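Mind having a look at this structure? Questions to follow.
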Amino acid sequence: MKVLLTGGAGFIGSHTCVEFLERGWEVVVADNFSNSKPEVLNRIKIITGKSFTFYEADVTQRSALDKIFTEQKIDAVVHFAGYKAVGESVAKPLMYYRNNLDSTITLLEAMETHGVKNLVFSSSATVYGENNPSPYKEDMPLSTCTNPYGWTKLMSEQIMRDAANADSNMSVVLLRYFNPIGAHPSGLIGEDPEGIPNNLFPYVAKVAGGKLPKLGIFGDDYPTEDGTGVRDYIHVVDLAKGHAAALEYAVSHKGIEAVNLGSGKGHSVMEVVTTFSRVNNIPVPYDIKPRRAGDLPSYYANAEKAKTLLNWEVELTLEDMCRDMWKWQTQNPDGY
Ligand code: UFG
């Protein structure tokens with residue numbers, strides 16, 4: 001099987017690339033390094049001992065996609081490419097809509113022209129919005145995203161649903177990620193955010209590594225067990241395996257399915273901080289700060305559908321996420 005990974009040099013894309021190569025699948029990566037570094041490609045080769053084809057390409061450009069689909073006999077696509085910072089999307093909504101929707105539509109058009117029928121999409125639990133109760137289940141109504149980034153995921157899902165409904169030979173799996181964190185256990189690839197991280201785990205790792213003085217915990221007065229926010233964290237290696245399971249499903253079925261990739265279990269910010277300190281034997285100084293605008297108190301997945309439909313469930317724990325995150329941080333204190 002030959003698979004195109006758009007955004008395959010990014011955090012989740014690179015771990016998925018490793019997983020696919022280890023399964024013996026042929027991989028073609030398209031990435032424009034808008035939020036990734038060329039060095040990741042070398043690291044993937046070191047981990048797997050395998051080679052793959054790389055195109056420096058912007059998937060909003062139809063000519064770039066036509067070149068790839070003409071030169072490669074692609075069986076399936078995993079579409080990761082897209083902007084993903086929630087706060088930035090509020091400040092620059094048009095940039096987010098233009099890039100994330102253009103890439104989705106352009107990719108679907110190119111797939112149609114070149115007869116490629118199988119697609120796995122990098123969606124997000126953010127599509128459940130603010131009104132659904134946890135655990136989130138795939139058949140819940142989706143209607144109220146809290147930021148433009150979330151809307152681009154919801155709109156992309158809808159566009160893919162309509163495209164799949166119009167072509168009975170298409171097969172699409174929409175993967176709704178919860179909170180992907182951690183790194184490959186080799187410590188060779190991991191998350192490499194530009195500047196000061198927005199997300200909890202990269203921030204904790206930078207504080208533990210002495211690159212930032214203190215973590216700010218955004219709110220300790222939520223209606224949760226210890227008052228801090230609760231999320232369903234998922235190890236990026238488990239997530240990568242979820243993509244392999246989704247792809248195997250896609251190539252052997254027709255139609256469209258949305259599937260949560262989460263553990264089904266929530267952990268609080270305080271639990272993350274204490275677990276990281278304990279597992280890695282390193283202090284993580286913190287202050288309690290006011291709540292961050294737009295944050296929900298608590299959410300986590302109903303993970304049953306992934307189990308029954310894809311035969312996939314998480315294997316790694318919060319301890320594994322903390323250990324692997326720290327290995328990546330200590331081996332790459334300034335990223336790639
Ligand atoms: N948090 C802190 N301090 C920080 C950063 C985060 O206390 O410095 C807290 C947040 O308040 C929240 C938790 O840690 O309670 C997790 O926050 P993240 O920013 O790591 O993740 P979010 O749940 O806010 O968002 C993530 C992804 C989004 C995605 C969303 C939906 O970043 O892309 O999950 O699943 F849309």
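When a ligand or atom number is given, it counts from 1 through the structure's own listing order. What you are looking at is a predicted structure, and each value in this text was computed from that prediction instead of being measured.
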- Query: Which heavy atom of the protein is the closest neighbour of atom 28 (C) of ligand 1, given with residue, atom name and distance?
  - Reply: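 For atom 28 (C) of ligand 1, the nearest protein heavy atom comes out as Val86 CG2, 4.0 Å.
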
- Task: Spell out, as yes or no, whether a donor-acceptor pair under 3.5 Å connects the side chain of Asn32 to the backbone of Ser34.
- Result: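 Side chain of Asn32 to backbone of Ser34, a donor-acceptor pair under 3.5 Å: yes, one is there.
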
- Run the numbers for me: atoms of ligand 1, each under 4.0 Å from some heavy atom of Ile217, listed by number. 7 (O)

- Query: Can you list the steps and then say if His114 with Asp66 is a side-chain hydrogen bond (donor to acceptor under 3.5 Å, both in side chains)?
  - Reply: CA-CA 8 Å; His114 296 272; Asp66 281 337; 2.8 Å; yes

- Query: For atom 32 (O) of ligand 1, which candidate among Asn199, Leu212, Ile196 holds the nearest heavy atom?
  - Reply: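 Shortest heavy-atom distance from atom 32 (O) of ligand 1: Asn199.
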
- Thr228 side chain vs Met270 backbone, donor-acceptor pair below 3.5 Å: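 Judged by distance alone, yes, a pair lies under 3.5 Å.
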
- Of Asp232, Val127, Leu200, which has the heavy atom at the shortest distance from atom 6 (C) of ligand 1?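 Selected option, by shortest heavy-atom distance: Leu200.
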
- Note on the structure: For Asp295, the atoms of ligand 1 under 4.0 Å from one of its heavy atoms are 10 (C), 11 (O), 24 (O)

- Item | ligand 1 atoms in contact with Gly229 (distance to a heavy atom under 4.0 Å) |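 With Gly229 as reference, the close atoms of ligand 1 come out as 15 (O).
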
- Could an N or O of ligand 1 be found under 3.5 Å from any N or O of Val269, whether backbone or side chain?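 Looking only at distances, the answer is no, because the N/O contact criterion of under 3.5 Å is not met.
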
- Message: So if I apply the side-chain contact (heavy atoms from CB on, under 4.5 Å) rule between Leu119 and each of Ile256, Leu4, Leu108, Val173, which one comes out positive?
- Response: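 It is Leu108; the other options fail the test.
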
- Close-contact set for ligand 1 against Ala125 heavy atoms, below 4.0 Å: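 Under 4.0 Å from Ala125, ligand 1 has these atoms: 35 (O).
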
- Nearest-contact summary for atom 22 (P) of ligand 1 - protein heavy atom, Å: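 Going atom by atom, the protein heavy atom closest to atom 22 (P) of ligand 1 ends up being Asn179 ND2, 3.6 Å.
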
- Item | Donor-acceptor under 3.5 Å (Asn132 side chain, Tyr128 main chain) | yes

- Does the distance from a Lys or Arg side-chain N to an Asp or Glu carboxylate O, for Asp192 and Lys37, drop under 4.0 Å? yes

- Task: State plainly whether the residues Arg323 and Glu319 are in salt-bridge range, i.e. N to O under 4.0 Å.
- Result: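 Here Arg323 does not pair with Glu319 in a salt bridge, since their nearest N and O are not under 4.0 Å apart.
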
- Any N/O of Leu215 closer than 3.5 Å to an N/O of ligand 1? no

- Query: Hey, is ligand 1 close enough to Arg292 that some N/O pair sits below 3.5 Å?
  - Reply: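 By distance alone, the answer is yes.
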
- Can you pull out the closest protein heavy atom to atom 7 (O) of ligand 1? Residue, atom name and distance to 0.1 Å, please. Phe218 N, 2.9 Å

- Query: Is the closest heavy atom of Tyr233 to ligand 1 under 4.0 Å?
  - Reply: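 The answer is yes: ligand 1 sits under 4.0 Å from a heavy atom of Tyr233.
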
- Knowing that exactly one of Lys254, Lys117, Arg161 qualifies, which makes a salt bridge (charged side-chain N to carboxylate O under 4.0 Å, His left out) with Asp167? Lys117

- Query: Is it the side chain (CB and beyond), the backbone, both or neither of Tyr299 that lies under 4.0 Å from ligand 1, heavy atoms counted?
  - Reply: side chain

- Would you say ligand 1 has an N or O under 3.5 Å from any N or O of Gly216?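 Right, the criterion is met.
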
- Under a 4.0 Å heavy-atom limit, does Asn198 contact ligand 1 with its side chain, its backbone, both, or neither?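 Answer for Asn198: backbone.
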
- Taking the six-membered ring of Tyr55, is NZ or CZ of Lys67 closer than 6.0 Å to its centre and within 45° of its axis? no

- Asn302 side chain vs Tyr136 backbone, donor-acceptor pair below 3.5 Å: no

- Query: For ligand 1, which atoms, with element, lie under 4.0 Å from some heavy atom of Ser124?
  - Reply: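 Numbered from 1, ligand 1 contributes 29 (C), 31 (C), 35 (O), 36 (F).
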
- Query: Using heavy atoms and a threshold below 4.0 Å, how should the contact between Thr126 and ligand 1 be classified: side chain, backbone, both, or neither?
  - Reply: both

- Non-neighbouring partners of Ala64 that pass side-chain contact (heavy atoms from CB on, under 4.5 Å), sequence neighbours left out: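 Scan of Ala64 (side-chain contact (heavy atoms from CB on, under 4.5 Å), adjacent residues dropped) gives Ala57, Gln61.
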
- Message: Does Lys73, at its NZ atom, have more than 12 non-hydrogen atoms belonging to other residues, nucleotides or ligands within less than 6.0 Å?
- Response: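 Open.
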
- Query: Starting from atom 23 (O) of ligand 1, which protein heavy atom do you reach first, and at what distance in Å?
  - Reply: Arg231 NE, 2.6 Å

- Message: Could you check whether any heavy atom of Tyr149 sits closer than 4.0 Å to an atom of ligand 1, since that is the contact criterion I want to use?
- Response: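 For ligand 1, residue contact (heavy atoms, under 4.0 Å) with Tyr149 is present.
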
